[in-house]
Amino acid sequence: MINPDDLSCDFERTFARTPRVYRAPGRVNLIGEHTDYNDGFVMPMALDRSTWVAAAPRADRALVVASREYRETITLDLDCHPPYPTESWIDYVRGIAAVLDGSGPERPAPHSQDAAPAPDSPDVAPAPDSPDVARPFQGRVTGADMLIASDVPIGAGLSSSAALEIACGYALLDLAGMPIDFDALARAGQRAEHEFVGIRCGIMDQMIACHGETSGALLLDTRTLQHRSLPLPASLRVVVGNTMVHHELASSEYNARRADCEAGVQTLSSRFPHVRALRDASLPELEGVRARMSDRVYRRCRHVITENARVEEAADALVAGDFVRFGRLMDQSHHSLRADYEVTCAELDTMSAIARGLDGVYGARMTGGGFGGCIVALADASRVDAIEVELRTRYEAATGRRPDVWVCTAGAGVSRVK
Ligand code: ADP
Ligand code: MG
């Protein structure tokens, strides 16, 4: 765990000033995977693990940013943006700072073949789901010294990236005395990731980093950004297991999945004009156009449409106290992500299958973008200690990798700590 007083002292030693301290949480998504860029439903829970930022304003337009995890300090000029992405962690910080400041270059370079053009481009109208719809930030952010430290595992599907964007964004707005609108901050984080990192992520991670609640999960509609609390009953526990693998194709495959979904929407909407996003389509409608799409695009669409329905059913099940039904939906979600969406890997399949077989586990699935990272399991509180031990030992025996397994407590959304 990060201690904010230690972080402050560290900052004072480095920058010879007293900082303010901020934090934003990572998250685990209970169900609703790869639905958030299809205008669908998701059910994330903020973690009690966060990315912390100690920060103090500067008189100039420099951002001097140190990351404990990367043991590196990088200086940015808010008025001068070199070509990006640079493939460095600093792209996330540069991105959120530039978006909040309104100071990014006119036309960011395209990041990959299927990346969306920059919404600023004069010849391109913003897409309906474009994070560009919100530009409510008035004024400029100030230069700042920043020290970042995190206990969110990095690149494990628990959204260390949004925790970083939102913690830094909140810090910059607060230091500049600018008003903070959570939905607008979340959109700014998403836009930073699209334009400055080149990942065409949805809005779930940034929204839960802003709106997380200690009572449990949120049911979030990623089209309207409406959300409602789904408190977790005391008899339930959320267990996370990190497979300790991270396959490099994660980001290119992510953008490829998004392109497949867009291709599916195009075919669907030519026959069913009300379909603006996969969220609007039903399975019978998908079957109606099956012959006009590739098998791959068909299966991608089938995952999103069925997953969306699973999230709504899971929310009902949780409210009704029907954890067996919730667990079954998690299992089905994993199966769909493996067979139709093809974003799991051997380690995720192995670990979730082990979890599923343990006494007291209601259901288990991969969580996050996939291709490695973590699984999430819903477990009976009375069995959770044994589950933790069994999952660890059996996964290590099966793969030779020592996993990180822990029982999660829900955390709060972004805040200033001191
Ligand atoms: P996830 O969000 O699932 O952890 P991503 O690949 O989306 O995985 O984001 C991880 C990236 O976010 C890292 O490669 C790094 O660039 C950046 N990042 C996350 N945490 C930190 C940190 N504490 N310091 C610097 N960069 C970080
Ligand atoms: Mg991420």
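Quick caveat: nothing in here was measured; it's all calculated off a predicted structure. Read the numbers this way: they start at 1 and go in the same order the structure lists the ligands and their atoms.
- Checked against a 6.0 Å centroid threshold, the rings of H303 and Y341 count as neighbours.
- Among A163, A162, S160, C168, the residue whose heavy atom lies nearest to atom 1 (P) of ligand 1 is S160.
- In this structure, atom 14 (O) of ligand 1 lies nearest to the protein heavy atom Y70 OH, 3.3 Å.
- Remark: R94 fails to qualify as a cation-pi partner of W89 under the 6.0 Å distance and 45° angle criteria applied to the six-membered ring.
- The part of A156 lying near ligand 1 is the backbone, judged by heavy-atom distances below 4.0 Å.
- Note on ring orientation: taking the six-membered ring where Trp is involved, the planes of H34 and Y37 are perpendicular (angle over 60°, cut-offs 30° and 60°).
- Of all heavy-atom pairs between R228 and A315, the closest is NH2-CB, 4.3 Å.
- Here R383 does not pair with D380 in a salt bridge; the nearest charged N to carboxylate O distance is not below 4.0 Å.
- The heavy-atom pair separating G32 from E307 by the smallest distance is N-OE2, 3.0 Å.
- Within the 4.0 Å heavy-atom cutoff, L158 counts among the residues contacting ligand 1.
- Across W89, Y254, Y92, W52, heavy-atom proximity to atom 6 (O) of ligand 1 is greatest for Y92.
- Among all non-hydrogen protein atoms, the one lying nearest atom 18 (N) of ligand 1 is L164 CD2, 3.7 Å.
- A centroid separation of less than 6.0 Å is found between the aromatic rings of H211 and F182.
- Residue-level proximity to ligand 1 for S161 is carried by backbone and side chain together, each with a heavy atom below 4.0 angstrom.
- At a cut-off of 2.8 Å, S161 is counted among the residues with an N, O or S atom near the Mg ion (ligand 2).
- Residue G368 places no heavy atom under 4.0 Å from ligand 1.
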